Engineer: 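Sharing a structure, written as structure tokens. Questions coming.
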Amino acid sequence: MQSRHRIFAEDLLLAAEGEDHFDRVPDSLVLIIFNKLADARSLGRCSAVSRRFNALVPLVDDACLRIDRVIPADGADGGAGADALGLAGAPRPRAVLSHLLKAMLQAVLKPFAHCDAKSGAGAHGGKHAQLQHHSPAQVLKNFSSIRNLRMELPVSDVGTDDGVILKWKAVFGSTLQSCVILGGTKVERAAGGTHASVPAAAAADSDATGDDSGSIPESFYTNGGLKLRVVWTISSLIAAATRHYLLREIVKEHPTLEQVALTDAHGQGTLSMGRDQLKEFRDKPLAVAAAANRTQVPACNMKLRYAPLLELSDGTRIHGATLVVIKPVGEAGGIGGGRKELDDFIADTFDGPFREAVGVLSKRRTYLLEMNGF
Amino acid sequence: MASAGSGDEKAATVTLISSDNEHFEVPEAVATLSQTIRHMIEDGCTDGGVPLPNVTGRILAKVLEYCNKHAAASDKDELEKFDKAFVDIDDQATLFDLVMAANYLDIRGMLDLTCQTIADMIKGKSVEEIRETFNIKNDFTPEEEAEIRRENQWAFDD
């Protein structure tokens, strides 16, 4: 029996003589297959294939939902927003902050007012005429026993200049619990294929860790400095809080959820919630930031570590490398307490060369900062 | 005469007997990739061979091919290449046989691999294509099917 539809490589695997091999596979194995499939849209289609599949899809543990498009609330071109966040050349941190917040609100928040899980047929360039918007909550309605949810946004939230690297991971319960941000003003990868002879990562700079003056090194200011780090920090926190707010309907409707991760296609930021965090999310009411579609970010303590130049063992060089660890003020597990757990969390945040970067930066001198809630 | 198996001083072996009475003498280090067989070895009930009534000789040979490779090699890239070739199979029946065998023998890696392969065959296909690929009968009434499609409309916009 030849397929009349598109030819797939798997057409070689058309069942012989009309036999349905799924018939001899027990439900538990079909569920394993569905869990590996994970993709919410494919699972949705499976639920229309046969009664048996229809009965099994709601029992899936793991689902992954890739969000195709985000629609700006006011219909404006969503793409412009991302570029609105450049660096304000403005001098004073305070002015930058308020300008920054406004720019962030436009760039980040509006796009997430409507998350479109599936774009409509024949949609080109954002025409809204016949599009149907399906919210993620709607899509996930069928998955009543889902335990692990992974959602992927199409683009990163925080626009950055070329060469700038910014990665963050945030854990929220009903509010921010911790956030780790890794940034660099410029990243140079090793030339293709060559492995640098540097045996271990080294922070090469003239400010040896023996600097006792306690003040931030001069190069910190010439590299864009404190202002830039503040921009990164606030942008990442806003992005995380926005994603967190997005999840409230989904978390409410899926009491079986144990693990949620909301990432983006570029791998910039991850919002993660585990079992304890989800429980807290359900028990305590969310504090919503004024006039914004995001959760309130509480007053925080930040530990900042900096290296003007990091050379990693695979030859990657990160300029102006910064590690910021953020925890809410006054929490029992705040900075200085629950040390081991926090250290483990920080070490585990990223993979690959960034993991190594975090490790090296963690040994550097720490600078403490405080920030009001917003 | 069936070989007893474990008298060898160099490396202990175990004899596996397929449903169609084919005998395979296999080093224990390889056979224990199967948790089922590992437990039987630990419980000391493998003398005279282990009968596997749910696995034919043809499939068992393929399973052992997988176990041999994974017990020996440790290079990740090499194993990945092997796995890819392993599931590049011409007929669906064999693929599903391997899924069932991996489940019965409790070989986690092989189960993951074969189930992932089937999942990849489902992904991206339309409902009709899924039915056609696997020969699944549509047992919905037209009303039921319409209802389901309406409920899950987000999955069907194409």
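Just the heavy atoms: all of them, side chains too, but no hydrogens, waters or symmetry mates, feed the values below. Please read all numbers here as calculations on a predicted model, not as lab measurements. In what follows, chains are A, B, ... by sequence order, proteins preceding strands, each numbered from 1.
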Engineer: Please report the interatomic distance CG(A:Asp20) to CD(B:Gln92), rounded to the nearest 0.5 Å.
Structural biologist: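 Spacing of CG (A:Asp20) from CD (B:Gln92) equals 8.5 Å.
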Engineer: Describe, in one word, how the ring planes of A:Phe22 and B:Phe96 are oriented to each other, choosing from parallel (under 30°), tilted (30 to 60°) and perpendicular (over 60°).
Structural biologist: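 Ring orientation, 0 to 90° scale: perpendicular.
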Engineer: What pair of heavy atoms forms the shortest contact from A:Leu37 to B:Ala119, and how long is it?
Structural biologist: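 Heavy atoms of A:Leu37 and B:Ala119 come nearest at CD1-O, 3.4 Å.
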Engineer: List the steps and the verdict of side chain to side chain contact (heavy atoms under 4.5 Å, CB included) for B:Asp139 and A:Arg52.
Structural biologist: CA-CA 9 Å; B:Asp139 50 359; A:Arg52 186 186 180 204; 5.9 Å; no
Engineer: I want to check something: taking the side chain as every heavy atom from C-beta on, are A:Arg24 and B:Val99 in contact at a cut-off of under 4.5 Å?
Structural biologist: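 A:Arg24 does not reach B:Val99 side chain to side chain.
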Engineer: How many angstroms lie between atom CD1 of A:Ile32 and atom CG of B:Asp112, to the nearest 0.5 angstrom?
Structural biologist: 7.5 Å
Engineer: With rounding to the nearest 0.5 Å, note down the distance linking NZ in B:Lys125 to SG in A:Cys46.
Structural biologist: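 The NZ atom of B:Lys125 sits 10.5 Å away from the SG atom of A:Cys46.
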Engineer: Should we count CZ of B:Arg108 as having more than 12 external heavy atoms under 6.0 Å?
Structural biologist: no
Engineer: Considering all heavy atoms of both residues, which atom of B:Phe140 and which atom of A:Val49 are nearest to each other, and what is their separation?
Structural biologist: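 Looking at all heavy atoms of both residues, the shortest contact is CE1-C, 3.9 Å.
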Engineer: Atom CD1 of B:Ile130 and atom CZ of A:Phe53: how far apart are they, to the nearest 0.5 Å?
Structural biologist: 7.5 Å
Engineer: For A:Asn54, is it the side chain, the backbone, both, or neither that has a heavy atom closer than 4.5 Å to a heavy atom of chain B?
Structural biologist: side chain
Engineer: For each of A:Ser42, A:Gly44, A:Pro26, A:Ala48, tally heavy-atom pairs with chain B at distances under 4.5 Å, and name the one with the top tally.
Structural biologist: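 Ranked by contacts with chain B, first place is A:Ala48.
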Engineer: Heavy-atom pairs under 4.5 Å with chain B: which of A:Asn35, A:Val30, A:Ile33, A:Leu43 has the most?
Structural biologist: A:Ile33
Engineer: Let's test your reading of the structure: which of B:Thr94, B:Asp97, B:Leu111 forms the most heavy-atom pairs below 4.5 Å with chain A?
Structural biologist: B:Asp97
Engineer: Could you tell me whether A:Arg248 atom CZ has more than 12 heavy atoms of other residues or ligands within 6.0 Å of it?
Structural biologist: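 Result for CZ/A:Arg248: enclosed.
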Engineer: Rounded to the nearest 0.5 Å, how far apart are CG of B:Asp91 and CD of A:Glu19?
Structural biologist: 9.5 Å
Engineer: Drop me the distance from B:Phe156's CZ to A:Arg45's CZ, to the nearest 0.5 angstrom.
Structural biologist: 7.5 Å
Engineer: On a heavy-atom basis, which atom in A:Ser47 and which in B:Ile148 lie closest, and how many Å separate them?
Structural biologist: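 Nearest heavy atoms, A:Ser47 then B:Ile148: O-CG2, 3.8 Å.
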Engineer: Is it true that A:Arg51 and B:Glu144 make a salt bridge, defined as a side-chain N closer than 4.0 Å to a carboxylate O?
Structural biologist: yes
